[in-house]
Amino acid sequence: MIKKELLLIIDKAVKKVMMNHGEAETRMPRYNVEVPPGNIKADYATNAAMILASRLKESTLKIAGELATELSLEKKYFEAVKFMKPGFINIYINKSVFYNELENIIREGHKYGGGNIGSKRKVMIEFVSANPTGPSHVGHGRGAALGDCLANIMKNLGFDVTREYYVNDVGNQINLLADSLVCAGEGKPAPEGGYGGDYLKEVYNEGRGFIEENSGDREAIKKYAVEKIIEKYIKKDMGDFGLVFDNWFYESSLFKEKDGKNKIDAAVDRLKKKGYVYEKGGALWFKSTEFKDDKDRVITRKDKTGTYLASDIAYHYDKFKRGFETVINIWGADHHGYIDRVKGSVKALGYDPDRLKILLYQLVNLTIGGKPVIMSKRKANYVTLRQVIDEVGSDACRFFYLMRNANSPLDFDLELAKKQSQENPVYYVQYAHARVCSIFREAKKMGVDFNPGCDAGLLKEPEELIIIKKLITYPDLLVHCCNTLEPHHLTGYLQDLAGVFHRYYTKHRVIVNDKNLTGSRLMLVKALQVVVRNGLKMMGISAPEKM
RNA sequence: GGGCCCAUAGCUCAAUGGAUAGAGUACAGGAUUCCGGAUCCUGGAAUGAGGGUUCGAUUCCCUUUGGGCCCUCCA
């Protein structure tokens with residue numbers, strides 16, 4: 001972890017310069033260390049001088065000079081330290097540092113890029129959570145890809161992660177589901193606002209005996225329908241997408257009485273006690289206006305039933321009571337108006353609302369050949385996640401979802417996705433991995449065994465150093481994805497990494513006459529293989545040995 | 001009417017407040033006696049408009065234009 005060590009060294013230098021200027025070092029300036037743009041040859045650059053100069057009200061170049069002088073003292077680490085026009089300090093690292101890091105990648109193998117910034121803290125990521133009324137559609141796929149990737153990354157960084165699916169098995173839509181199911185079985189059209197997909201006929205047929213036996217018992221039919229849809233469709237869709245949830249939390253469990261009280265009552269009581277609930281027009285209201293909401297919200301209706309918000313308040317209360325330090329919800333952007341309410345309720349319950357993080361993703365617009373498909377469950381013409389997985393494959397599908405920043409809308413064109421199954425960037429990345437595997441197969445054929453103890457110092461080609469430098473930024477990249485909740489950076493990184501490798505491959509041969517050089521180059525591609533494989537694993541995408 | 005998000009190359013997207021704004025795709029041309037041509041090389045083309053903050057703005061703030069979504073005692 002070169003960057004970490006760099007920060008320590010620069011911190012020391014910054015303190016020294018501050019001291020020389022009579023500034024207390026208690027308030028350290030927030031500066032950056034980064035890999036500079038391509039036109040700058042240095043390995044790393046920092047803007048510390050520019051930040052510090054404005055603090056000290058000194059000329060930027062003067063401070064840059066002083067800092068550079070301090071840093072130059074670190075001879076065993078730095079080859080050179082220079083400062084340039086606007087005030088950047090460019091740092092040239094000793095090559096041996098890179099070679100050591102390369103050996104480290106091979107040593108750590110599948111653990112490389114992992115870390116312990118999470119220190120086993122419990123985090124829940126709740127995602128997908130689509131109503132259990134039918135198969136998953138393409139929009140759910142985006143949430144699934146995002147949540148799963150984020151969960152992988154956080155787990156890899158030492159968080160104790162739980163993936164949870166919240167099943168809304170209570171409320172009107174489930175009544176409608178049960179009624180629609182009966183209609184489907186009897187060959188009648190679905191009721192107003194109900195569900196009319198063909199899948200309901202299958203659901204009916206598979207439970208015909210049970211449904212007809214319990215024809216008057218709506219509760220029994222509801223329960224059957226929800227369970228069947230989850231098992232037959234949702235769990236299967238997620239499974240084929242390579243996603244397994246740790247926990248399926250049923251909304252109905254919030255209504256289960258225990259000692260004469262259920263979890264909803266408990267949450268409402270707590271809000272009452274804290275003074276955030278009042279009665280008006282026969283209903284109970286939550287004072288959400290105290291938390292930036294435009295109006296207060298009903299939590300218990302006139303007829304004494306709880307609203308969806310009441311369930312959600314109880315659900316989040318339960319999440320925190322289960323001991324999760326951080327709770328991440330991944331929601332479609334159509335729920336954004338709901339954020340203040342839920343965060344407000346968390347605060348009202350007595351928890352720090354910042355412990356609830358909400359990642360919104362913009363909606364997925366599905367098109368076929370450029371023509372928009374109107375997604376409506378009722379009309380049953382919506383495109384399912386299954387269709388997309390079947391047509392383009394889970395790997396390409398995940399990459400496609402993860403390539404975009406969550407807060408920009410995603411146009412998912414089925415035809416394009418299919419066409420891209422040959423041109424999709426995921427194959428570019430996977431191909432790099434397959435190529436490396438092929439090199440090792442070839443080496444083995446020639447009787448050359450991989451030896452991690454070769455001299456990495458023989459890797460002197462510029463393309464080789466470019467690859468090494470790219471490889472060692474991987475751990476920082478994962479941390480960045482984790483902190484920003486933006487897994488899409490990973491796709492760009494892997495494309496870049498595959499690119500530098502493909503260019504290297506075209507220009508140089510790994511297996512050459514020189515035995516020592518071959519050994520060193522095998523180390524290089526081994527390290528590349530490790531990082532590509534680890535990165536793809538974070539996204540839930542396979543790293544094939546042959547394609 | 002109020003709120004959230006988006007606007008970057010012909011198209012789809014990148015860019016922790018940094019240096020000459022990057023990829024892919026499309027289009028045009030080119031590369032292999034040799035580890036996989038699903039690869040590589042060459043070419044042109046972009047920050048919607050107007051202010052402000054800053055040493056420095058695609059990024060932050062305000063105004064404006066265009067687009068998506070949300071404003072139920074639905075879930």
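A, B, ... follow the sequence lines: proteins, then strands. Residue 1 opens every chain.
- The shortest distance between the side-chain N/O atoms of A:Asn407 and the OP1/OP2 oxygens of B:rC6 is below 4.0 Å.
- Applying the 5.5 angstrom centroid cut-off and the 30 degree plane-angle cut-off, the aromatic ring of A:Phe88 is not stacked upon the base of B:rG18.
- Nucleic acid contact class of A:Arg503 (heavy atoms, under 4.0 Å, all strands): sugar-phosphate only.
- Remark: A:Tyr504 is not in phosphate contact with B:rC35, judged by side-chain N or O atoms under 4.0 Å from OP1 or OP2.
- For A:His502, no side-chain nitrogen or oxygen approaches OP1 or OP2 of B:rC41 to under 4.0 Å.
- When each of A:Arg301 and A:Lys546 is assigned the nucleotide of RNA chain B bearing its nearest heavy atom, the one mapping closer to the 5' terminus is A:Lys546.
- Ion pairing between a basic and an acidic side chain is recognised when a charged N comes within 4.0 Å of a carboxylate O; A:Arg503 and A:Glu463 show no such pairing.
- A:Tyr505 carries A:Arg435 over the face of its six-membered ring, with the cationic atom under 6.0 Å from the centre and within 45° of the normal.
- For the pair A:Arg30 and B:rU16, the criterion of a side-chain N or O lying under 4.0 Å from OP1 or OP2 is not met.
- Remark: A:His336 is not in phosphate contact with B:rC71, judged by side-chain N or O atoms under 4.0 Å from OP1 or OP2.
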Dot-bracket notation for RNA chain B is requested: 5' to 3', Watson-Crick or G-U wobble pairs only, both distances under 3.5 Å, with ( ), [ ], | and . as defined. (((((((..((((....[...)))).(((((.......)))))....(((((..]....))))))))))))....
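- A donor-acceptor contact under 3.5 Å is formed by the side chain of A:Asn47 with the base of B:rG18.
- Between A:Thr491 and B:rA23 there is no side-chain N or O to OP1 or OP2 distance below 4.0 Å.
- Among the atoms of the strands shown, base atoms are found under 4.0 Å from some heavy atom of A:His508.
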Show your working on side chain to side chain donor-acceptor pair (under 3.5 Å) between A:Gln430 and A:Asp395 and close with a plain yes or no. CA-CA 10 Å; A:Gln430 288 181 319; A:Asp395 283 348; 3.1 Å; yes
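- In this structure, A:Gly282 reaches neither bases nor backbone, as no heavy-atom distance under 4.0 Å exists between it and the strands shown.
- Rounded to whole Å, atom P of B:rG17 lies 17 Å from atom OH of A:Tyr31.
- For the pair A:Lys57 NZ and B:rU54 C1', the computed distance is 14 Å after rounding to whole Å.
- Regarding A:Tyr505, its OH atom lies at a distance of 20 Å from the P atom of B:rA31, rounded to whole Å.
- A:Lys347 forms no cation-pi arrangement with A:Phe291, by the criterion of a distance under 6.0 Å to the ring centre and an angle within 45° of the ring axis.
- Closest-nucleotide positions on RNA chain B for A:Gly306 and A:Arg509 were compared, and the one nearer the 5' end corresponds to A:Arg509.
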